[in-house]
Enquirer: 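For reference, the structure I am asking about is given below.
In what follows, chains carry the letters A, B, and so on, assigned in the order in which the sequence lines appear, proteins first and then strands, with residues in each chain numbered from 1.
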There are 2 protein chains.
Amino acid sequence: MSPRRRTTLRDIAESLDLSVNTVSRALADKDAVGVETRRRVKAEAERLGYVPNTMARSLVLQNAMTLGLVITNPSNPFYARLISAIEERGRTRGYSLMLMVTEDSVDNERRAAEELMRWGVDGVLAIPVQHGAEHWERLRKSGVPLVLLNRDLPGLDVDLVGVDYYAGSRAATEHALSTGATELYLVEEDLDISPVAERIRGFRDTLATHGLGAPDDAVVRVASPEDVSVSVPFDPGPAYELGAGLARRAGPGAVVLAGNDYHALGLCRAFAEQGLRVGVDVGVIGHGDHPFSAYLAPPLTTVRLPAPEVGRAGIDRLLEHVETAGGSGGDAAGPAHTLLPPELIVRASVPETAGGEG
Amino acid sequence: MSPRRRTTLRDIAESLDLSVNTVSRALADKDAVGVETRRRVKAEAERLGYVPNTMARSLVLQNAMTLGLVITNPSNPFYARLISAIEERGRTRGYSLMLMVTEDSVDNERRAAEELMRWGVDGVLAIPVQHGAEHWERLRKSGVPLVLLNRDLPGLDVDLVGVDYYAGSRAATEHALSTGATELYLVEEDLDISPVAERIRGFRDTLATHGLGAPDDAVVRVASPEDVSVSVPFDPGPAYELGAGLARRAGPGAVVLAGNDYHALGLCRAFAEQGLRVGVDVGVIGHGDHPFSAYLAPPLTTVRLPAPEVGRAGIDRLLEHVETAGGSGGDAAGPAHTLLPPELIVRASVPETAGGEG
DNA sequence: CTGAAAGCGCTAACAA
DNA sequence: TTGTTAGCGCTTTCAG
């Protein structure tokens, strides 16, 4: 029943009648330790089940060997893959991960940033909630390197690694146009975040390039769920609700672009229920290429996001900062924005109407 | 360019010509501090941007206020929701989360357990890889409370919070039978883990209950992907590959149960390509009720898993142990297994053949 | 009400 | 090669 205090260096030292210091160096495989002594120390450590105390070590070494990862919602499949990629890379480089979930609440994010400062993490990767950057500013000023993931935070001068959503949106829109689409819609989540803004911009610009205007109601917003953690995360429901109305508005030659594949799925279902055949009467293009998308009927044309690449590039950039003198972000050249290219995956959810691109 | 050392209690003390001790107590809102002194201390702390050092604090207090979460793969939607629920609950109770991803490798899991011991976390929640429990045994013996999530680890006497997969499987099988199914298949991942075993057992037992045997090839195994972190996580692909063969074997009145909704989706697609109408010619039942399942064509009948409940029950149980004297698991009554009930969600992917249950 | 002293477990000078 | 001393930043006795 004894909570059995952890074995410490001192325990080993006393048991062997050595100094704590010697034991420390023996276990750390430092020079200046007799070969026999080292052997004995290691044996005793083993026997006593010694486990080094990372906190004590970090305290004196002034480095935590820990990174903070601030995520809005792990149930977003894109973010889930980011977590995996980051954790893996961090692990192989010797860093542990402190995970903070914000549920898209600035309050939570503030607390997360504060908590990470208290822990003295060596660096932070964050998908920012956006709106409210003072806490990130503080973090940075306190000397903790920060790299933003996926979403930009205007007004904060830090490195960002994300996806070129603008390009993705352009590619999708171009594709729709190339199949002969005459009526385009973009369905996006009702969040004021950069990925959404970029996709809208790409959509509009592409139409403009082709001399087509985008009527105001061409961009449709779907409500985002309130409580991310409890509600089903990426729910096709809201887009599905919209779908019936859209189906009525959409004439022949209509293609609807969706901000993510769940929305696309909701739309597909709604269209089908209205008697519209997706891929024949109407087109749908998703965003994200979630694992289910290739197996829908019809298989969903969508934009694949380079999740592992974003994760790896993000942590690599962060570790650069961490390991070069722990300074804050932004070298001489100022903060760098790295936007990785998405890839249009053409499947069968957009009808080949007429005068294709060829 | 100065890395600007963090402000410490001492800095405040010196600046105010007080002792470190007084400053500490003033900030901790302890009694025995002059009201005016307290005010000055707080103001100065604010001015200097003081952030308490959690590691130092934890070192002396001998508690880390940190929990370890060991997960095989965050891209599993069920696990993602577990993470959310656990993080939220932990956060509101003042605990930070250290996340370790094992990718279903015992080696990684061993390292994760070791790392968590080094950090001296207050407790650990783990979805065990299974096969190899010595590291968990060590953790436990070192006094760190451990609660297993979702998968059992035979041979290790610890608390477990999971899902009653046996019941879920029985419910699904009963449902299939009740619709008049005459030929049943179960498609399961090729992993030797308790959820799979339980579902198979439920399937077999239910058939036996009805005086039906399950031929050996009624249980079909799909290969699991090798590298979880890089490959697409839950891929309908392998089940899809199987689907064509199954379609040929399956006569009228056949229902295929799948171990998860992704597999179900892969099967649906394969059946459709073979000219079999899911929900009419053949039945498919999923497991997991992923967000996409309700929107498939036809909507997928599946088993809903109580993800947030498992997460919350898991961390609650862990915190019980953590907060009652930090003893290892298992009170007088021995380790408790809590299996939360899943719920059959009947949609439209199983044909109502004949003699329904009513 | 405040200060001095000790110590959490470890590492890094510097001596011996 | 080994031991001594000091200190990371904090909290907790125990005196004053």
Enquirer: Are E88(B) and R312(B) ion-paired here, with the side-chain N under 4.0 Å from a carboxylate O?
Expert: no
Enquirer: Looking only at the side chain of Q62(A) (C-beta and beyond, no hydrogens), which of the listed nucleotides dG9(C), dT12(D), dG9(D) gets closest?
Expert: dG9(D)
Enquirer: Is S58(B) near enough to dC8(C) that one of its side-chain N or O atoms lies under 4.0 angstrom from OP1 or OP2?
Expert: no
Enquirer: Whole-Å distance between dT12(D) C1' and L59(B) CG?
Expert: 14 Å
Enquirer: What is the separation between atom CE on M55(B) and atom P on dC10(D), rounded to the nearest whole Å?
Expert: 13 Å
Enquirer: Measure CZ/R38(A) against C1'/dT1(D) and give the value in whole Å, please.
Expert: 11 Å
Enquirer: Checking contacts here: which listed nucleotide (dC10(D), dG9(C), dC1(C)) is nearest the side-chain heavy atoms of A32(B)?
Expert: dC1(C)
Enquirer: Using whole Å, report how far CG of D29(A) lies from C1' of dT11(C).
Expert: 15 Å
Enquirer: Is the side chain of R6(A) donor-acceptor paired with the backbone N or O of M117(B) at a distance under 3.5 Å, no angle test?
Expert: yes
Enquirer: So, is R57(A) near the phosphate of dT11(C), with a side-chain N or O under 4.0 Å from OP1 or OP2?
Expert: yes
Enquirer: Which residues within residues 15-25 of chain A lie with some heavy atom under 4.0 Å of an atom in DNA chain C?
Expert: V20(A), N21(A), S24(A)
Enquirer: Can we say R47(A) and E44(A) salt-bridge, meaning some charged N sits less than 4.0 Å from an Asp/Glu carboxylate O?
Expert: yes
Enquirer: Treating R111(B) as the side-chain partner and T102(B) as the backbone partner, does any N or O pair qualify as donor plus acceptor under 3.5 Å?
Expert: no
Enquirer: Using whole Å, what does the distance between atom P of nucleotide dG3(D) and atom CG of L9(A) come to?
Expert: 13 Å
Enquirer: Between dT12(D), dC8(D), dC10(D), spot the one nearest the side chain of K30(B), thanks.
Expert: dT12(D)
Enquirer: Rounded to whole angstroms, how far apart are CZ on R10(A) and C1' on dG3(D)?
Expert: 15 Å
Enquirer: Determine yes or no for a side-chain-to-main-chain donor-acceptor pair under 3.5 angstrom, with T37(B) supplying the side chain and V33(B) the backbone.
Expert: no
Enquirer: In whole angstroms, how far is the P atom of dG9(C) from the CE atom of M117(B)?
Expert: 15 Å
Enquirer: In terms of side-chain geometry, is the basic nitrogen of E36(A) or R39(A) positioned less than 4.0 Å from the acidic oxygen of its partner?
Expert: yes
Enquirer: Please state how far atom CZ in R118(A) lies from atom P in dG9(D), giving the value in whole angstrom units.
Expert: 16 Å
Enquirer: Do Y50(B) and D11(B) pair up side chain to side chain, a donor and an acceptor below 3.5 Å, judged on atom types alone?
Expert: no
